[in-house]
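Taking it in order: structure first as structure tokens, then the write-up.
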Amino acid sequence: MPLALSILDLASIAPGRTARDSFDNSVALARAAERSGYRRVWYAEHHNMGSIASSATSVLIGHVAGQTESIRLGAGGIMLPNHSPLVIAEQFGTLETLYPGRIDLGLGRAPGSDQKTMFALRRDHSSADTFPQDVLELQGYLTGDSRIPGVQAVPRAEDAVPLYILGSSLFGAQLAAQLGLPYAFASHFAPDALHRAVEVYREHFRPSEQLAEPYVMAGVNVFAAETYEDAAQQRAVAYRARARMMIRRGAGDVAFTDEEIDAFLTSPNGRQLSEMTKYTAVGLPEDVRTYLNEFATSIGADELILVHHATEIADRIRSVELTGAAVAAATH
């Protein structure tokens with residue numbers, strides 16, 4: 001079987017651009033993924049982040065679905081402790097009714113925000129403790145087998161929206177295994193526990209109505225271009241911007257030069273930030289294909305979720321196209 005590729009679109013708002021620009025870019029990126037043979041595009045729930053436009057995740061999914069034809073679209077993920085399971089079931093039941101056979105629902109338990117934003121979301125600090133029970137309640141609404149007597153999610157789609165458990169630790173692996181759901185590991189920014197989490201998931205997997213065998217998905221960062229130099233430059237620009245965003249949380253409006261950012265990323269304090277993007281494929285399409293195949297083989301991944309990070313949308317779309325074509329060509 002050819003390597004299955006999908007995309008996590010961070011719906012980033014570039015400096016000097018608007019959220020509307022980001023939404024237009026998301027449509028263009030999904031169309032490119034559709035043309036290039038990708039399986040799905042996911043969007044993540046974040047709050048109070050000026051550079052990410054996917055806070056109203058289900059709304060964005062619907063917007064993109066209305067302007068694409070066949071590619072699956074979904075949440076990677078909805079941070080379920082921020083919400084009532086019933087409300088999420090209603091939202092995704094609506095999406096699946098409007099776009100049948102095209103909607104996914106990935107679930108995480110992190111806040112997707114800081115402490116003050118958690119308070120603004122009306123989220124309690126103990127909300128994550130009930131995540132397993134909330135997943136089951138949500139699943140009941142989506143399948144028409146509600147765990148709350150007398151309460152149903154309306155509309156409920158003819159076919160249940162498939163659930164995926166997202167994680168970056170052993171907790172998510174254990175829960176996905178126990179519930180018999182696909183498991184997506186956030187190795188694009190939290191690589192440390194990847195191999196052990198996948199082992200735990202496979203060891204403890206119990207078949208379910210949704211899934212008969214374990215299904216592993218893992219995140220990888222990608223910069224593909226016509227020349228290695230161009231790809232490497234895109235990586236440098238994107239990762240400097242990422243470092244600036246994280247540093248500014250504690251340094252106000254201090255402007256750091258490229259040289260200062262590069263020096264920080266190689267310092268003891270900055271090395272942890274650098275190591276977060278350990279799994280990054282960069283270079284010519286064939287180089288990226290080789291990296292992705294070796295990465296997938298190392299954990300027995302069934303599907304890779306690629307994060308094309310180039311700052312400019314034209315470069316992101318080209319990276320999507322080049323990677324998709326290179327992987328497809330290897331199967332013929």
### Task
Hey, could you give me the CG/OH distance between D9 and Y43, rounded to the nearest 0.5 Å?
5.0 Å
What I want to check is whether the side chains of [X] and [Y] have a donor and an acceptor closer together than 3.5 Å.
X: R156; Y: T143; result: no
X: E303; Y: S6; result: yes
X: T280; Y: Y239; result: yes
X: N293; Y: T290; result: no
X: Y141; Y: Q152; result: no
X: N221; Y: T277; result: no
X: H195; Y: E199; result: no
X: D104; Y: W42; result: yes

[Y] and [X] aromatic ring geometry - parallel, tilted or perpendicular at 30°/60° bounds:
X: F205; Y: Y201; result: perpendicular
X: Y38; Y: H308; result: perpendicular
X: H83; Y: H47; result: tilted

Can you check whether [X] reaches [Y] side chain to side chain, under 4.5 Å on heavy atoms?
X: R40; Y: L73; answer: no
X: V135; Y: F131; answer: yes
X: L175; Y: Y183; answer: no

### Task
May I ask you to decide whether E286 forms a salt bridge with R289, counting only side-chain N to carboxylate O separations under 4.0 Å?
no
### Query
After noting the C-alpha distance and the side-chain angles of E34 and R72, does the key distance pass the salt bridge (charged side-chain N to carboxylate O under 4.0 Å, His left out) rule?
CA-CA 9 Å; E34 193 169 63; R72 296 191 67 89; over 6 Å; no
### Query
Can you check salt bridge (charged side-chain N to carboxylate O under 4.0 Å, His left out) on R244 and D258, steps first, answer last?
CA-CA 10 Å; R244 283 190 176 95; D258 288 350; 2.7 Å; yes
#### Entry: CZ/R17: more than 12 non-hydrogen atoms of other groups inside 6.0 Å
no
